[in-house]
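Here the structure comes first, spelled out in structure tokens, and everything after it is commentary.
The figures here come from the full heavy-atom set of this structure, side chains too, leaving out hydrogens, waters and symmetry mates.
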Amino acid sequence: QLLNRNPYYHDASVLTARTYAWEGDYESAFSYIDNVLADDPRYYEALSARIDFVLWEGDHQKAVELADSALYLYYDDEGFLHLKALALSHYKRTSAIETLDYLLLINPDNEEAADLLEELKGPGYNYYRENSFISTGYINELFNAPYKRSFHAGSLGYTKYTAIGPVTA
């Protein structure tokens, strides 16, 4: 009824959208949020709700894109940084940890960020398993009499951590 009387009451629209999203009706939820953002593209609660809905749908990459767009408007905002880290934690764990480290630099008392960081760095976390590495090496051997010569060797290696373990070439 409130929205029928005043369709520009954005708090009510966001609450209605969240209610639809909680019930799994994302199409209706996005419709309400899109109307709010069409009227006010910087409306914080609508931006946050949209990221939540995309996260709940499981589209983590799109959630990161939306969080980055929101961070363009609200630079270093703790809420959007946390949502970005939450989305990244599903497919880029190391990037999520870096985002949380940055968030904790801004506010060391942010308990949600600290909890998520602790969860991500839990007992099974290994930074090296999440990355690929290129390595180089060089060796120079000098031989004494009677051989009097030197030996030079260089190497280049690539290691990619996979589900079956490290693969090195």
Assess the pair Phe53 and Tyr32: is the distance between their ring centroids shorter than 6.0 Å?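 No, ring centres 6.0 Å or more apart.
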
Could you check if a side-chain atom of [X] sits within less than 4.5 angstrom of a side-chain atom of [Y], using non-hydrogen atoms only?
{"X": "Ile106", "Y": "Leu81", "value": "yes"}
{"X": "Leu86", "Y": "Lys84", "value": "no"}
{"X": "Asp52", "Y": "Arg18", "value": "yes"}
{"X": "Tyr44", "Y": "Asp77", "value": "yes"}
{"X": "Leu73", "Y": "Leu47", "value": "yes"}

Using 0.5 Å steps for rounding, measure from the [atom1] atom of [X] to the [atom2] atom of [Y].
{"X": "Asp40", "Y": "Asn35", "atom1": "CG", "atom2": "CG", "value": "13.0 Å"}
{"X": "Ser28", "Y": "Ile33", "atom1": "OG", "atom2": "CD1", "value": "12.0 Å"}
{"X": "Leu117", "Y": "Glu112", "atom1": "CG", "atom2": "CD", "value": "13.5 Å"}
{"X": "Glu111", "Y": "Leu104", "atom1": "CD", "atom2": "CG", "value": "11.0 Å"}
{"X": "His82", "Y": "Ile51", "atom1": "NE2", "atom2": "CD1", "value": "12.5 Å"}
{"X": "Leu83", "Y": "Thr99", "atom1": "CG", "atom2": "OG1", "value": "11.5 Å"}

Side-chain ([X]) to main-chain ([Y]) donor-acceptor, under 3.5 angstrom:
{"X": "Ser31", "Y": "Glu27", "result": "no"}
{"X": "Tyr74", "Y": "Arg42", "result": "yes"}
{"X": "Ser48", "Y": "Glu45", "result": "no"}

The criterion is side chain to side chain contact (heavy atoms under 4.5 Å, CB included); which residues satisfy it with Asp115, sequence neighbours excluded?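 None.
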
Spell out, yes or no, whether [X] and [Y] are grouped together once hydrophobic residues are joined by side-chain heavy atoms under 4.5 Å, including indirect joins.
{"X": "Leu55", "Y": "Trp22", "answer": "yes"}
{"X": "Phe80", "Y": "Leu100", "answer": "yes"}
{"X": "Leu71", "Y": "Leu88", "answer": "no"}

For [X] versus [Y], what's the shortest heavy-atom pair and its separation?
{"X": "Ser13", "Y": "Val36", "result": "CB-CG2, 3.4 Å"}
{"X": "Ser89", "Y": "Ala96", "result": "N-CB, 3.5 Å"}
{"X": "Trp56", "Y": "Ala21", "result": "CZ3-CB, 3.6 Å"}

Could I get the full list of salt bridge (charged side-chain N to carboxylate O under 4.0 Å, His left out) partners for Asp25, not counting sequence neighbours?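 By the salt bridge (charged side-chain N to carboxylate O under 4.0 Å, His left out) rule, Asp25 matches no residue at all.
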
Is it the case that more than 12 heavy atoms not belonging to Phe30 sit under 6.0 Å from its CZ atom?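 Check passes, neighbour count above 12.
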
Under a single-linkage rule joining Ile, Leu, Val, Met, Phe, Trp and Tyr whose side-chain heavy atoms are separated by less than 4.5 Å, which residues share a cluster with Leu105?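 Listed partners: none, Leu105 stands alone.
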
State whether Tyr43 and Arg50 meet the cation-pi test: NZ (Lys) or CZ (Arg) under 6.0 Å from the six-membered ring centroid, and within 45° of the perpendicular axis.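 Checked: cation-pi criterion not met.
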
